[in-house]
Number of protein chains: 2
Amino acid sequence: MLQLTKRTEYALIALTVLAGREGEVVSVREIGELYPVPRRLLAEVLKELSRAGILASQRGSNGGYFLTRPAAEINVAQVVGALEGLPAIAGCSSEDFEPGACEVEPVCPIRSPIQRLRIGVWAVFERMSLRDLAEPARPPLSRAVPVGSGASDGSSSGSGSEA
Amino acid sequence: MLQLTKRTEYALIALTVLAGREGEVVSVREIGELYPVPRRLLAEVLKELSRAGILASQRGSNGGYFLTRPAAEINVAQVVGALEGLPAIAGCSSEDFEPGACEVEPVCPIRSPIQRLRIGVWAVFERMSLRDLAEPARPPLSRAVPVGSGASDGSSSGSGSEA
DNA sequence: AGATATAGCACTAGATCGGTGCTGATTGGA
DNA sequence: TCCAATCAGCACCGATCTAGTGCTATATCT
Ligand code: SF4
Ligand code: SF4
């Protein structure tokens with residue numbers, strides 16, 4: 001399934017708040033009051049982000065979390081990477097992939113292309129920073145791009161989806 | 001989890017073969033002899049692709065599957081879309097998402113950004129055709145690109161995650 | 001008729017995910 | 001001093017999804 005986990009979504013929501021209040025210390029409760037998110041789970045997620053070094057925490061009363069770096073320097077890729085491990089696309093490019101786990105590997109014809117996809121997807125996530133998240137979205141949306149080899153003429157490729 | 005299913009991987013492997021033998025009719029057995037893939041499962045997947053209109057089938061002896069269109073006109077996005085539904089990134093942008101399923105939706109601050117990500121990821125998949133898959137990979141790799149608004153290009157952003 | 005191949009569908013076991021429980025440690029303040 | 005608020009750590013459960021298989025029917029070629 002090519003979809004982020006709820007944990008990651010909650011993380012991004014929380015980070016949106018954090019990014020809009022840089023320098024402040026924000027508690028899980030506050031965020032929970034802003035958005036109808038399972039607080040307990042949100043807390044768990046923020047702990048993870050803290051362990052990953054994206055957030056730092058302040059314990060005790062008046063405690064909470066805050067960004068360790070400017071919002072513009074933290075991108076979605078880092079967040080996703082911290083919570084789900086970097087996007088693998090295929091099993092063999094996952095972090096915890098043990099050699100031999102895939103029978104096809106020695107002769108797999110799609111490893112290289114998959115790798116290219118992975119890099120492309122990763123780049124998409126890298127290009128969106130927390131500041132982009134927090135801001136009301138300014139979409140110059142300068143035409144997508146990359147990854148393919150030749151593919152130059154892909155113009156005709158409709159979305160097609162299914163059915 | 002940001003990862004393709006095994007089904008999709010097998011589909012791509014099979015399509016690589018099909019793309020390299022355009023005009024021919026190739027059976028599941030043949031593909032299974034080329035790559036150590038669970039044939040039974042592979043068969044199931046090709047059926048799905050057939051239902052989705054990406055492949056057509058020929059039954060009976062000497063039967064098998066063949067592409068309905070030139071390999072260059074079929075891209076990975078179509079394949080993924082047929083097998084997993086288009087990349088949703090978040091639950092609310094999934095095909096079978098029922099309104100009200102997400103509590104946060106009415107006030108969600110990340111819907112718009114997520115949408116942008118979705119488009120970006122989708123574009124990455126669209127730009128890789130079956131021909132790109134089948135070819136021995138020539139990566140001029142035309143530098144990745146946009147999607148975000150500003151986005152500092154801190155290409156250095158490593159995984160940064162755990163371990 | 002018989003061998004080969006796809007069509008369709010249901011089913012099981014295992015992995016993953018969403019969410020919660022519980023206990024402890026740290027801090028600020030009444 | 002003691003209490004309330006808050007983070008830290010970890011284990012646990014139920015629901016969902018995935019990988020893979022079983023079985024039966026249908027079409028085609030020889
Ligand atoms: S080797 Fe090929 S089949 Fe095995 S996991 Fe990697 S991409 Fe998928
Ligand atoms: S609305 Fe926000 S939280 Fe709900 S699914 Fe969409 S992105 Fe995730």
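- Here the shortest heavy-atom pairing between B:Arg118 and B:Ile89 reads CA-CG1, 3.6 Å.
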Distances for protein N or O near nucleotides 2-6 of chain C N or O, under 3.5 Å:
residue, atom, partner, partner atom, Å
C:dT4, O2, B:Ser61, N, 3.2
C:dA5, OP1, B:Arg29, NE, 3.3
C:dA5, OP1, B:Arg29, NH2, 2.9
C:dA5, OP2, B:Arg29, NE, 3.2
C:dA5, O4', B:Gly60, O, 3.1
C:dT6, OP1, B:Val28, N, 2.9
C:dT6, O3', B:Ser57, OG, 3.3
C:dT6, O2, B:Arg59, NH1, 3.4

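- Here the shortest heavy-atom pairing between B:Leu46 and B:Ala14 reads CD2-CB, 3.9 Å.
- When rounded to the nearest whole Å, the span between CD of A:Glu103 and P of D:dA19 equals 16 Å.
- There is no path of hydrophobic side-chain contacts, each under 4.5 Å, that joins B:Ile119 to B:Phe97.
- Rounded to whole angstrom, the span from the CD atom of A:Gln3 across to the C1' atom of D:dT16 amounts to 12 Å.
- Distances shorter than 4.0 Å separate some side-chain N or O of B:Tyr10 from OP1 or OP2 on D:dG20.
- Here B:Arg7 does not pair with B:Glu84 in a salt bridge; the nearest charged N to carboxylate O distance is not below 4.0 Å.
- We find that CZ of A:Arg51 is positioned 8 Å from P of D:dA8, with the value rounded to whole Å.
- No side-chain heavy atom of A:Val25 sits under 4.5 Å from any side-chain heavy atom of A:Asn62.
- Counting to the nearest Å, the P atom of D:dA8 and the CG atom of A:Leu49 are 11 Å from each other.
- Taking atom CD of residue B:Glu84 and atom P of nucleotide D:dT18, one finds them 7 Å apart after rounding to whole Å.
- The interatomic distance linking A:Leu83 (CG) with C:dT16 (P) rounds to 16 Å, in whole Å.
- Atom CD1 of A:Ile13 and atom P of C:dG18 are 13 Å apart (whole Å).
- Atoms NZ (A:Lys6) and P (D:dA15) sit 18 Å apart, rounded to a whole Å.
- Once rounded to the nearest 0.5 Å, the distance linking CG of A:Leu42 with CZ of A:Arg29 reads 12.5 Å.
- For the pair A:Glu48 and A:Arg51, the salt-bridge criterion is not met [side-chain N within less than 4.0 Å of a carboxylate O].
- Here B:Arg7 lies in heavy-atom contact (under 4.0 Å) with a base.
- For A:Leu41, taking side-chain heavy atoms from C-beta onward, the closest of the listed nucleotides C:dG18, D:dG9, D:dT21 is C:dG18.
- Closest to the B:Pro38 side chain, of the nucleotides C:dC17, D:dG9, D:dT21, is D:dT21.
- Among the nucleotides D:dG22, C:dG19, D:dG9, the one closest to the side chain of B:Arg40 is D:dG22.
- Counting atom types as modelled, B:Glu44 pairs a side-chain N or O with a base atom of C:dC9 as donor and acceptor under 3.5 Å.
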